[in-house]
Every structure is written in structure tokens, then in C-alpha cells.
Amino acid sequence: MTRIKRLAVLTSGGDAPGMNACIRAIVLTASACNIEVIGFKHGFNGLLEQEYQTLHAMHVDNIIQRGGTILKSARCPALQQANGPAEAADALKQLDIDALIVIGGDGSFRGAMAISNFYDGQLIGVPGTIDNDVDGTDRTIGFATAIDTALDAIDKIRDTADAFERIFLVELMGRHSGYISLAAGIAGGAEQIICPEFGQLNPDNLRPIIKPIQHAQLLKGKSSYLIVVAENSYPGGATSLAEALTKAIGIECRACILGHIQRGGSPVGADRILATKLGAFAVEQLMHGATLVMAGEVNGEACLYPLAKTGDKAKAIDPFLVRWQQQIGSY
Ligand code: F6P
């Protein structure tokens with residue numbers, strides 16, 4: 001067992017529902033093992049500026065159900081400056097931090113890796129991002145909630161699309177990953193799903209999208225038609241694509257950009273449970289000496305994965321669902 005006296009935690013990058021549940025699990029697990037916990041504010045910025053708060057059990061009372069993060073989150077350009085990682089390591093040393101837990105995505109983990117070049121303490125990552133684009137874990141904290149949020153919107157848009165017999169394009173987040181779009185599109189019964197994994201669409205050739213629309217019209221007549229478009233799949237996004245389609249097929253197409261709504265809201269049960277499990281597991285593994293790893297979950301089992309490898313390759317979206325969606329007429 002490694003004796004950890006003082007542990008720090010921060011949330012970094014795009015906030016995700018369940019980050020609070022994870023902070024809570026870390027604080028409760030550490031407190032039970034007599035480890036002091038501090039939380040840096042505003043991601044790595046709080047570390048560089050030594051802006052932090054001590055976290056006791058009472059500070060994490062009643063936060064498991066809250067979206068956002070009590071520690072605030074941010075991206076941190078200062079950490080990317082040449083001396084940023086060394087300064088961050090100095091701050092950790094000055095504050096007597098034996099171990100740091102970073103809750104965030106692969107960009108945040110890159111920041112942690114950079115700090116590790118100058119820091120002798122332990123560093124561990126917990127995957128927290130709605131995008132689910134972190135390799136080494138089946139699910140990231142926030143993904144399940146983001147699907148349900150998107151789904152709620154898709155179901156509502158379906159009502160108006162159906163009443164008005166229109167084509168709707170719903171743009172979902174995910175950065176360069178189609179995880180949210182594939183999941184919410186499948187669950188929402190979308191007629192088409194367009195993801196970055198299928199390659200950038202060529203604005204000069206919309207045939208692959210138009211053909212299934214025309215096919216559906218032949219089969220069903222005029223009816224609602226819903227296309228889920230992952231961000232970064234089409235130049236100018238769903239709005240441009242809706243305009244191009246309206247022009248090309250002469251049917252009114254409307255775009256709905258869901259945006260940051262997908263990052264908010266109370267975490268669903270699955271995210272609270274995952275966050276609790278990974279937060280507690282991270283503390284336990286630190287006590288066993290783990291460092292430079294991410295605490296993830298694969299096939300239901302908590303497991304460790306090298307932090308440096310989490311962003312190595314794009315995590316593949318479900319090939320079975322992709323194949324099925326394409327079979328039923330999707331792009
Ligand atoms: O990584 C989370 C995420 O919400 C992505 O899905 C999205 O591309 C990005 O962050 C948006 O970033 P910002 O909040 O800086 O606009």
C-alpha cells in the first residue's frame with residue numbers, strides 16, 4: 001500500500017453530467033481512508049494558480065444528482081505553454097500533493113501526462129466527457145445522460161416533423177466522434193445518421209443522402225423524416241446541409257442544433273453509478289501505487305488503462321449498429 005496523505009482532484013475540459021458524482025465518490029472513499037482531499041477550481045487553471053478548496057464529506061453532500069461540476073471546469077491554454085507543465089508540477093509539490101486525479105477527456109489526460117514529466121507524485125485519470133471518445137473504457141461519465149437528453153429532443157422534434165410532414169436534421173455534439181449521434185439516432189428511430197466515422201460528406205455530391213429520402217417517399221409517401229447529424233460531419237453543419245437539401249430536393253428541410261443542452265442536466269442513474277465506481281476505484285488504485293493510468297470500465301469490470309494511450313486511436317462506434325443503420329437505408 002502506498003501511503004497517500006494529500007490527494008487533489010480537478011475537473012477539466014467540457015463538463016459532463018456525473019462529474020459531481022465522481023468527486024463525491026473520491027472524497028468519500030478518501031475520507032474513509034484518512035486521506036485529505038483538495039479540489040482545484042477551473043480545471044488545470046486552479047492548479048497553476050493554486051486556487052483550491054479542501055473537500056470534506058459535507059462538501060459533497062447532496063451533489064450526486066447535480067449536473068455540471070462544483071469545482072468548475074475549463075480548458076487551460078496556460079498548461080500548453082512551454083513552462084506550463086513544470087509550473088503545474090511545482091504547484092503540486094508546494095501544496096504537498098501526493099496524488100492528482102484528473103476527471104476529463106483525452107485532452108485533459110494529455111495535460112496530466114505533460115505534468116508527469118516534472119512530478120514525482122501519482123497521477124490518475126477518470127474519463128468524464130459526454131463524447132465517449134476515450135479509448136480504454138467502454139463508457140465515459142456523462143455519455144448516458146447526453147444520449148437521453150438528445151433523445152428527449154429527437155422525440156419532440158419527431159412530433160412536429162410528423163405533424164408538418166417535414167424533413168428535420170438534428171445536429172448532435174461529439175467533437176469528432178459519432179458515439180452520441182449513433183446512440184441517440186438509433187434510439188430515436190432516425191431515418192438517417194451521419195457521423196464523422198463515415199467520412200466527411202461531399203457538398204458536391206448529396207446523392208448518398210438524397211437517395212434514401214426519395215426511396216422512403218416512394219414507400220411511405222410524404223411523412224416525417226429525421227436525420228441525425230453529428231457535428232463536424234458536414235461543412236457548415238446541419239444548417240448548411242438542410243439548406244443544400246431543400247435546394248436539391250425541393251422539400252422543406254429544417255435544422256435543429258442541440259448544442260450545449262447535451263452537457264447539462266441531472267445525470268441519469270447509469271452515469272451516477274459509473275461515476276461512483278470509477279471515482280472510488282481511482283482512489284483505491286492510487287493506494288495500491290497506480291500511476292499514469294486511467295480508471296475505466298470494460299465489460300462491466302473496473303480496470304486500468306495507460307493514460308498515454310487513451311487518445312491514441314479513435315474509439316470505434318458499434319460496427320453492428322452502423323451496419324444495420326446502413327442496411328435500412330442510411331448514408
Ligand atoms: O467535449 C465535449 C464537447 O461538448 C464536444 O461534444 C463539443 O465539440 C465541445 O465540447 C464543445 O466545446 P465548447 O463548450 O468549448 O464549445
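Atom set for the values below is all heavy atoms of this structure, side chains included, hydrogens, waters and symmetry mates excluded. None of these values were measured; they are calculated from a predicted model. Both counts, for ligands and for their atoms, begin at 1 and track the order of listing.
Residues Thr160 and Arg166 have side chains that never bring a donor and an acceptor to within less than 3.5 angstrom of each other.
Nearest protein heavy-atom neighbour of atom 1 (O) of ligand 1: Asp131 OD2, 2.6 Å. Looking only at heavy atoms of the protein, atom 16 (O) of ligand 1 is closest to His260 NE2, 3.2 Å. Summary of contacts: the protein heavy atom closest to atom 10 (O) of ligand 1 is Arg263 NH1, 3.1 Å.
With sequence neighbours left out, Asn205 forms a side-chain contact (heavy atoms from CB on, under 4.5 Å) with Asn202, Arg207, Pro208.
With a heavy-atom cut-off of 4.0 Å, Gln262 does not touch ligand 1 at all.
The shortest distance between side-chain heavy atoms of Lys315 and Tyr179 falls below 4.5 Å. No side-chain heavy atom of Leu206 sits under 4.5 Å from any side-chain heavy atom of Ile249.
When Arg75, Glu231, His176 are ranked by how near their heavy atoms come to atom 7 (C) of ligand 1, first place goes to Glu231.
In Lys5, the NZ atom is not crowded: 12 or fewer heavy atoms of neighbouring residues, nucleotides or ligands sit closer than 6.0 Å. Taking a 6.0 Å sphere around CD1 of Ile261, one finds it holds 12 or fewer heavy atoms contributed by other residues, nucleotides or ligands.
For ligand 1 and Gly174, the ligand atoms under 4.0 Å from any heavy atom of the residue are 6 (O). If you number the atoms of ligand 1 from 1 as listed, the ones under 4.0 Å from a heavy atom of Arg175 come out as 5 (C), 6 (O), 8 (O).
Between Gly14 and ligand 1, no N or O atom pair is found at a separation short of 3.5 Å.
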